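Below is one structure, written out as structure tokens, with a few remarks after it.
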2 protein chains.
Amino acid sequence: MSNLDQARVASRSTETTRAALIKAATSVFAEYGYDGGSVRLITQRAMANQAAVNYHFGGKDGLYREVLIAATRAFEENAFLDPEELDALSPEDALRRYLHQFLLPLVKRDRVSRFLRIFAWESVQPSEVFSAFIAHSPPRIFRLAERVVRRFLPQDASAETVTFAMLWLAQQPMFFVRDAERLAQPPFSLKFDEEALERLVDTLAGLSLRGLAGV
Amino acid sequence: MSNLDQARVASRSTETTRAALIKAATSVFAEYGYDGGSVRLITQRAMANQAAVNYHFGGKDGLYREVLIAATRAFEENAFLDPEELDALSPEDALRRYLHQFLLPLVKRDRVSRFLRIFAWESVQPSEVFSAFIAHSPPRIFRLAERVVRRFLPQDASAETVTFAMLWLAQQPMFFVRDAERLAQPPFSLKFDEEALERLVDTLAGLSLRGLAGV
DNA sequence: TTGAAATTCAAACGCTCGTTTGAAGCGAAA
DNA sequence: TTTCGCTTCAAACGAGCGTTTGAATTTCAA
């Protein structure tokens, strides 16, 4: 076996641990955010040793960076919402599609939903790792929101107005995803099943489209 | 001097320390949230001993509870936005007034603004203290938002719809207040002076009132 | 089978956190 | 002046955090 093969085999075992750690870290960071997610809990869920994080990723931040890379890759895959797909829809349908996609974590606990939750955390407790990560490429949720919003705004809208409207739209689903657990408690007591999600999409789409005066 | 007088004098000195701690805690919790705000920083700013927090308030949570009580009192004072005042305005003006009031922290660093910032933190990192505190009386920002929203919604709107719309409105200003510092950085680079605040109020009021289709 | 490299492991380190401790300081009554 | 309760203080405690350490184990080419 060549040295290359040895490296490959060695890295196969390495990859197992790395993958388990990234997976566990994704769920832990989705639940508790970067600061609140502890290395001990991650390694416990990954059934790995604490030191493995530092051995394989150089530290907690290195592991987080890998999670963000995986998240970016998942978002870039056309499995997720596609800019071209949005453009093919009418502005109204694009808006509905956007809201529905980013509210999905309310009822699904899949991988993409966890990534969205991490983004929701970052929208509130930005970590240095994340800030550096997105420094020169705004996260997709903002790029998509801008795309949706631009089709409604007049051509001569100022950059500031576009930014206001884009942020306004982008943070609407993030709020519900982020605060889902709190909204499930009194005094709100909102439980999100598929049907409640549809009603939420309807309500938000209606409000965003036509505003309060249009209901 | 009677025992009562002695107690009064003793409590005067006590009140000095307590007031300094509550004031310092308000600013620290406004800056860093409950979890992120350390007792050491609070006592340092209050020029008090660390142990004073436990002596006077029984612990960090007791001090926080006092801050929340002070915040509630400040909000209940008619210095702040008054439900009756809102009702006296047209629905549109009430909406503008609401947004303007809750976006004020962007340009002012006064006491009420700090309380609003604490609420913004809680909307994202709910502490047990806060949850217990508001358990049976929703914070005013939500009660006011419901009041504003109800005047637009049809009488037969479901409770869930009202809640959706209320949350939708309430979190709009909270987002900008909470993320002000992040929005000041690239890639957004939004600086909020008085004029930018007015433009933001205009934009949000327009979007909330007429939606994207109305711009 | 052997030896060296890669990986895992339990334990400990250094740090910050909220809290506790017991002595010292203080003001007012006796 | 002495005494007593209230308040302050420096120091330490215990728990949790990310990280480091050095030995044990595993892996696999030779």
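The model shown is predicted, which means the values in this text are computed figures rather than measured ones. Throughout, protein chains are lettered first and strands after them, A, B, ... in sequence-line order, and every chain is numbered starting at 1.
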Seminar exercise, completed: The contact string for nucleotides 15-26 of chain D, one letter per nucleotide 5' to 3', using protein heavy atoms under 4.0 Å with B, S and - for base, sugar-phosphate only and none, comes out as --BBBBB-----
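- Among pairs with a residue in residues 14-45 of chain A, those fulfilling ring pair (Phe, Tyr, Trp, His ring centres under 6.0 Å) read F29(A)-Y34(A), F29(A)-Y64(A), Y34(A)-Y64(A), at least two apart in sequence or across chains.
- Following rounding to the nearest Å, F57(A) (CZ) and dT8(C) (C1') show an atom-to-atom distance of 15 Å.
- Among residues at least two apart or in separate chains, ring pair (Phe, Tyr, Trp, His ring centres under 6.0 Å) pairs with a member in residues 176-202 of chain A are F188(A)-F142(B).
- Counting to the nearest Å, the P atom of dA10(C) and the CD atom of Q44(A) are 13 Å from each other.
- The CD atom of E128(B) sits 15 Å away from the C1' atom of dG18(C) (whole-angstrom rounding).
- D110(A) is linked by a salt bridge (Lys or Arg N to Asp or Glu O under 4.0 Å) to K108(A), counting only residues two or more places apart in sequence or in another chain.
- Among residue pairs with one or both ends in residues 113-134 of chain B, those qualifying as salt bridge (Lys or Arg N to Asp or Glu O under 4.0 Å) are R117(B)-E181(B); sequence neighbours excluded.
- The side-chain hydrogen bond (donor to acceptor under 3.5 Å, both in side chains) search around D179(A) returns R182(A), not counting sequence neighbours.
- Between L21(B) atom CG and dC9(D) atom C1' the separation is 14 Å, expressed in whole Å.
- Going from atom CZ of R65(B) over to atom C1' of dG18(C) covers 15 Å, rounded to whole Å.
- Between R143(B) and E146(B) there is no salt bridge, since no side-chain nitrogen of the basic residue lies less than 4.0 Å from a carboxylate oxygen of the acidic one.
- In this entry the distance linking NE2 of H56(B) with C1' of dC6(D) reads 9 Å, nearest Å.
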